[in-house]
A.B. asks: 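My questions will all concern the structure given below.
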Amino acid sequence: ELEMVFDNPEGRPLDGKLAVAMPPRARVTRFARDLGTSGWEEAQVVPRRSADQQLPPGDPRQAPPLLAVAAGEQFTARVDGIAARDPTRIVVAYVEELRGRSEPYRIALAGLPRLHELGLRIRSRTPVSLGGEPSLLKTGTQGQVATYTDFKAGRDLTLHFSGPRELGLRRDEMVVARLSPVPHDHPDPIDGLTILVDTSASQAPGFDAQVDRLAAVIAAIDRRVPADIPLRVVAFDQAADTVFEGRLGGFGEAHKAALRERGALGASNLAGALRAAAGRGERRYQRLLILTDGRITAGTAGVEAVKAEANRLLDAGFVRVDVMIEGGAPDDEVLRALTAVSPDHPGLVLHAALSPEVMASRLTRGVVNDVEVEVPNTAWVYPQRFDALQAGDDVLVYAGLEAAYEGDELSVQVRGGEVDRAFKVPLAPTSSPLLGDAWSGARAGWFIAQARSSCASTRLPLWGATKRRSFLQR
């Protein structure tokens, strides 16, 4: 939960806009403004679409004083009527899943202006060590409040967790378990690589840093492959142009400069870029990496169009497609369709925040799909299937326990591909409301999955349960 206080130094009320960077997979649960003696004004949180699209014309809620849009890794909010010469207190709360022990929890501090005061309270069930911002490394981790005045961070604060890999939490019928389904995987070598770089306008923020990341990933792949393999880099917006074609080790500063000179200003014709990759390639390019958010703003749009063009890649000799998310809110459906184009060699959707070495490691290893999950003594399980797993990947399994179940561990069976494993996950009791928020979101996901795969009658209990449990963001 982020609690922020802003001052309006002018002698008149102002309308403002708040933008907060969100972690990957974060789900906003609350946005509110303190009105003093009148209590809290709660915002309407709208997933991806504006309130104008969600509310009927003429509805007085068309212009609420607080309106928030949760879109991927960016939370933006309109705050109207900020009082003159009076502090405005804002709260943004969100739930973030940390699926693996190797995945640190990051508190985004770098880039913030100097703060009058920063208060931190860290409490962890498992051992935790601090990294990042040096001035905060001595903060306690047992729930004490640490206060820092006149604070300016040069780096984010990161929390690194240790403890057992298989771990579960329980609160009444609510349960979540962490486990690692794939014990080992196989190498998937890269013999030739084409990289499509999205240079549409959605990539404009931080585009120079994206170019540097691309070069770092190429260098990391070069350190992992045994030979200097062929590489082709193609930039695309409305059109697709080859920026580099040669050996992997030959990509350098001149080619980075060419990408920066091209800039990120156009529209995104992803289907056209796939067509260009399939049409120009000699068969030596058997791997494709796409740097994009999957948002299509030019050419033929829609998942089916992307699938049709992606299928041509197989005829052109490509055997695997991977995606590195760059830009704004990603279109998950499009990105998943791209990585699933080759059933025998599924790809990965990777976040650009991964280090170049981790990115290169994952790109050169095989991927396991269609891992199904079964949990006895439960009313429902979510997710019921996992895709795009590699050895060492941790996953979270949510379930609704039957009322009569009194055990202190959760039995989980995972099957699919080369995986056939049974887990006995110890359950620790918790009263944390975070579990309730995440569990409710998972149950809503289960209802939606059932509605998509079953008849329309499933949608009736979905609406009723959503109202009772407040599953959907408000």
Side-chain angles (χ1 to χ4, degrees), residues 185-199 210-236 239-256 258-259 262 270-292 306-326 335 337-350 352 354 356-369 388 390:
D185 53 21
H186 306 287
D188 194 356
I190 302 177
D191 298 325
L193 178 64
T194 291
I195 302 178
L196 294 179
V197 182
D198 188 343
T199 58
Q210 293 178 24
V211 173
D212 289 335
R213 277 196 296 273
L214 168 64
V217 170
I218 291 174
I221 294 173
D222 193 23
R223 291 190 290 271
R224 281 193 164 266
V225 297
D228 198 10
I229 64 172
L231 171 69
R232 178 178 53 167
V233 178
V234 178
F236 74 94
D241 299 302
T242 299
V243 175
F244 172 83
E245 188 159 18
R247 312 304 295 186
L248 188 68
F251 186 87
E253 292 299 325
H255 311 103
K256 291 167 60 179
L259 282 170
R262 178 187 179 94
L270 180 56
L274 296 173
R275 191 179 310 120
R280 297 177 189 172
E282 301 174 12
R283 289 192 178 269
R284 57 180 181 163
Y285 298 109
Q286 40 80 266
R287 294 286 295 274
L288 178 63
L289 174 63
I290 309 175
L291 279 62
T292 184
V306 170
K307 287 181 179 179
E309 295 299 340
N311 286 330
R312 298 186 186 184
L313 297 170
L314 302 180
D315 297 331
F318 290 94
V319 298
R320 173 173 161 178
V321 179
D322 297 277
V323 173
M324 185 168 119
I325 298 178
E326 289 279 17
L335 301 185
L338 288 170
T339 58
V341 67
S342 177
D344 297 329
H345 290 84
L348 295 168
V349 177
L350 300 169
L354 292 174
E357 292 300 332
V358 170
M359 191 85 66
S361 171
R362 295 184 71 99
L363 291 172
T364 52
R365 293 157 50 206
V367 178
V368 178
N369 270 354
Q390 292 180 312

A.B. asks: Taking the side chain as every heavy atom from C-beta outward, state whether R287 and V319 have any pair of such atoms under 4.5 Å apart.
C.D. replies: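 Contact flag for R287/V319 side chains = yes.
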
A.B. asks: For the residue pair A388 and V367, what are the closest heavy atoms and their distance?
C.D. replies: CA-CG1, 3.3 Å

A.B. asks: Taking the side chain as C-beta and beyond, is there a heavy-atom pair between P187 and R365 under 4.5 Å?
C.D. replies: no

A.B. asks: Report yes if some heavy atom in the side chain of I325 is under 4.5 Å from a heavy atom in the side chain of L335; otherwise report no.
C.D. replies: yes

A.B. asks: State the CG-CD distance between D191 and Q286, to the nearest 0.5 angstrom.
C.D. replies: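 Reported to 0.5 Å precision, the distance equals 4.5 Å.
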
A.B. asks: So, taking the atom named NE2 in H255 and the one named OG1 in T242, what distance separates them when rounded to the nearest 0.5 Å?
C.D. replies: 11.5 Å

A.B. asks: Can you confirm whether R213 sits close enough to E326 that some side-chain heavy atom of one is under 4.5 Å from a side-chain heavy atom of the other?
C.D. replies: yes

A.B. asks: Which of these passes side-chain contact (heavy atoms from CB on, under 4.5 Å) with L288: L338, L193, L196?
C.D. replies: L196

A.B. asks: Return the CD1 to CZ distance between I218 and F244, rounded to the nearest 0.5 Å.
C.D. replies: 8.0 Å

A.B. asks: Show the nearest heavy-atom pair for residues G192 and I229, with the distance to one decimal.
C.D. replies: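 Where G192 meets I229 most closely, the heavy atoms are N-CD1, 4.2 Å.
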
A.B. asks: Using side-chain contact (heavy atoms from CB on, under 4.5 Å), reason through R312 and L274 one step at a time and then give a plain yes or no.
C.D. replies: CA-CA 8 Å; R312 298 186 186 184; L274 296 173; over 6 Å; no

A.B. asks: Measuring only between side-chain heavy atoms, which start at C-beta, is L289 closer than 4.5 Å to L291?
C.D. replies: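 The answer is yes, as the side chains (C-beta and beyond) meet within the 4.5 Å cut-off.
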
A.B. asks: Looking just at side-chain N and O atoms, do S342 and R320 make a donor-acceptor pair shorter than 3.5 Å?
C.D. replies: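 No.
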
A.B. asks: If you take all heavy atoms of R262 and A239, which pair is closest and at what distance?
C.D. replies: NH2-O, 3.3 Å

A.B. asks: Supply the atom-to-atom distance I221 CD1 to L231 CG, rounded to the nearest 0.5 angstrom.
C.D. replies: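 Between I221 CD1 and L231 CG, I get 8.5 Å after rounding to 0.5 Å.
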
A.B. asks: Show your reasoning for whether side-chain contact (heavy atoms from CB on, under 4.5 Å) applies to L363 and L350.
C.D. replies: CA-CA 9 Å; L363 291 172; L350 300 169; 3.9 Å; yes

A.B. asks: When you look at I290 and D198, which way does the side-chain contact (heavy atoms from CB on, under 4.5 Å) test go after all the steps?
C.D. replies: CA-CA 8 Å; I290 309 175; D198 188 343; over 6 Å; no

A.B. asks: Which atom pair, heavy atoms only, marks the closest approach of G366 to D188?
C.D. replies: N-CB, 3.7 Å

A.B. asks: Test salt bridge (charged side-chain N to carboxylate O under 4.0 Å, His left out) on R362 and D322; report intermediate values, then the result.
C.D. replies: CA-CA 10 Å; R362 295 184 71 99; D322 297 277; over 6 Å; no

A.B. asks: Identify the heavy atoms of T339 and L348 that sit nearest to each other, and give their distance.
C.D. replies: CG2-O, 3.4 Å

A.B. asks: Taking all non-hydrogen atoms of both residues, which atom of A352 and which atom of M359 are closest, and how far apart?
C.D. replies: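 Nearest heavy atoms, A352 then M359: CA-CE, 4.2 Å.
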
A.B. asks: Hey, could you give me the CG/CG distance between L248 and D228, rounded to the nearest 0.5 Å?
C.D. replies: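 Rounded to the nearest 0.5 Å, the CG-CG separation comes to 6.0 Å.
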
A.B. asks: Go through the steps to decide whether T194 and F318 satisfy the test side-chain contact (heavy atoms from CB on, under 4.5 Å), and finish with yes or no.
C.D. replies: CA-CA 9 Å; T194 291; F318 290 94; 3.9 Å; yes

A.B. asks: Using only atom types and a distance under 3.5 Å, with no angle test, would you say the side chain of T364 pairs donor to acceptor with the backbone of P189?
C.D. replies: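 No: the side chain of T364 does not pair with the backbone of P189.
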
